[in-house]
Amino acid sequence: MPVSAGDLPAKSCLVRVTHTGRDQMALWSGGRLTKLGAGLDDLLRLTVADMRVALEETAGSLDVNACELLAPVESQEVWAAGVTYSRSREARMEESSSQDVYARVYEAERPELFFKSAGWRVVGHGGEVGVRPDSTWSVPEPELAVLSNSHGEVVAYACGNDMSSRSIEGDNPLYLPQAKVYDRSCSIGPAAVLAWEAEPSHARISMRISRGGRAVFDGSGNISDMVREPAELISVLHAAYPLPVGAWLLTGTSLVPPPPYTAEAQDMISIEIEGVGRLANRVVTVPHSGARAQPRLKRDST
Ligand code: DO4
Ligand code: MG
């Protein structure tokens, strides 16, 4: 979507845009958008100290109105943490017949981390997020997204949406990858607010869902209710898994729209984190080429 200054956070941030047909990383600071000489992959190979020096090398200004806003992601993998708020633990225990796994992971030293998306699949602010047609219960999950570099240092924050199928996950926790990883299931934006400019550990996070112009969910919580520190989650993610161009990590949800709400095509989802910005997306039903998911074991008929 075309960039409007009102969509960008007040704090300095890294913005990915299309300008004259080319994808470009830019720095938004003091109401000006300036081109960066390096891409996000290059910047995230550096330490924070070296990256701050590299950000001083800008290559001319950009007309905000002539740019399209993209998700602030290049080749980064997106990972997600689960059951990091008591509300998420409760919701999962309500929907699942395997309640014990959620109760245990909430208290365990090792957090739950799962792969969420390849970088190129991530939807940005103003884009369309998906629901699977074989899911009977789908929800957006508003989460603080944390960007780390290849050295495991926290570099930036954004709003994230971990679109999920609660019916598929609720059937059996082993279906988690299908509940979480499908077309348009991950959205991050509007930009990457630099970590030395923002301190979201006590920020309010809110989500509003509207259907046909009417609010069908409006809730808020606080990042401080998380039982884990974002830096702790980042260090576990990097512990045994090299990430040469860094990664985004969605840090878990505390806002769960109660049933009978299930996300439907045309719903509008708006997620806001104080000091980090607002991420808005429309819902679409994503194509599903496979059979309706009724997995059966092949049995030997003899
Ligand atoms: O345990 C399953 C996923 C949990 C999750 O995505 C969350 O707590 O946000
Ligand atoms: Mg989640």
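What's counted below: heavy atoms across the whole structure, side chains too, no hydrogens, waters or symmetry copies. Ligands are counted one by one from 1 in listed order, and the atoms in each one are counted from 1 as well.
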Donor + acceptor pair across side chains of R132, S138 (<3.5 Å) = no
ask   = For ligand 1, which atoms sit closer than 4.0 Å to a heavy atom of E143?
value = 9 (O)
note = A student checking ligand 1 against G82 at a 4.0 Å heavy-atom cut-off should list atoms 4 (C), 5 (C), 7 (C), 8 (O)
request  = Would you kindly say whether Y182 and D134 are connected by a side-chain donor-acceptor distance under 3.5 Å?
outcome  = no
ask   = Is it true that the side chains of R16 and Q24 contain a donor and an acceptor less than 3.5 Å apart?
value = no
query = Looking at E90 and R87, does any basic side-chain N land under 4.0 Å from a carboxylate oxygen?
reply = yes
query = Cut-off 3.5 Å, side chains only: do S165 and S135 have a donor facing an acceptor?
reply = yes
message = Among all protein heavy atoms in this structure, tell me which lies nearest to atom 2 (C) of ligand 1, with the distance rounded to 0.1 Å.
response = E169 OE2, 3.2 Å
query = Which residue holds the protein heavy atom closest to atom 8 (O) of ligand 1, what is that atom called, and what is the gap in Å?
reply = S88 OG, 2.6 Å
inquiry  = Please report the interatomic distance CD(E199) to CD(E274), rounded to the nearest 0.5 Å.
reply    = 12.0 Å
key: Which of the ligand 1 atoms, numbered from 1, are nearer than 4.0 Å to a heavy atom of G252   = 9 (O)
ask   = With atoms numbered from 1 as shown, which atoms in ligand 1 lie under 4.0 angstrom from a non-hydrogen atom of T253?
value = 7 (C), 8 (O), 9 (O)
query = Got the closest protein heavy atom to atom 1 (O) of ligand 1, with its distance?
reply = E112 OE1, 2.8 Å
request  = Considering the heavy atoms of L176, write down every atom of ligand 1 situated less than 4.0 Å from one of them.
outcome  = 2 (C)
Distance-only side-chain donor-acceptor flag, S187 / N281, under 3.5 Å = yes
Ligand 1 versus D162: contacting region, heavy-atom distance under 4.0 Å = side chain
query = What part of V105, side chain, backbone, both or neither, has a heavy atom within less than 4.0 angstrom of ligand 1?
reply = neither
key: Check against salt bridge (charged side-chain N to carboxylate O under 4.0 Å, His left out), E169 and R92   = CA-CA 9 Å; E169 182 188 337; R92 256 92 207 170; 3.3 Å; yes
request  = Mind checking whether Y85 contacts ligand 1 via backbone (N, CA, C, O), side chain (CB onward), both or neither, at a 4.0 Å heavy-atom cut-off?
outcome  = neither
From R87, K180, R166, R89 - option closest to atom 3 (C) of ligand 1 by heavy atom = K180
ask   = Under the 4.5 Å side-chain heavy-atom rule for ILVMFWY, direct or indirect, which residues accompany M93?
value = V83, V101, Y102, V105, Y106, V227
ask   = Do V83 and ligand 1 have an N or O pair less than 3.5 Å apart?
value = yes
query = Can you tell me how far the CZ atom of R228 sits from the OG1 atom of T251, to the nearest 0.5 Å?
reply = 12.0 Å
E141, N/O/S atom nearest the Mg ion (ligand 2) = OE1
key: For the Mg ion (ligand 2): the N/O/S atom of E143 at shortest distance   = OE2
key: Nearest to the Mg ion (ligand 2) - the N/O/S atom of D162, by atom name   = OD2
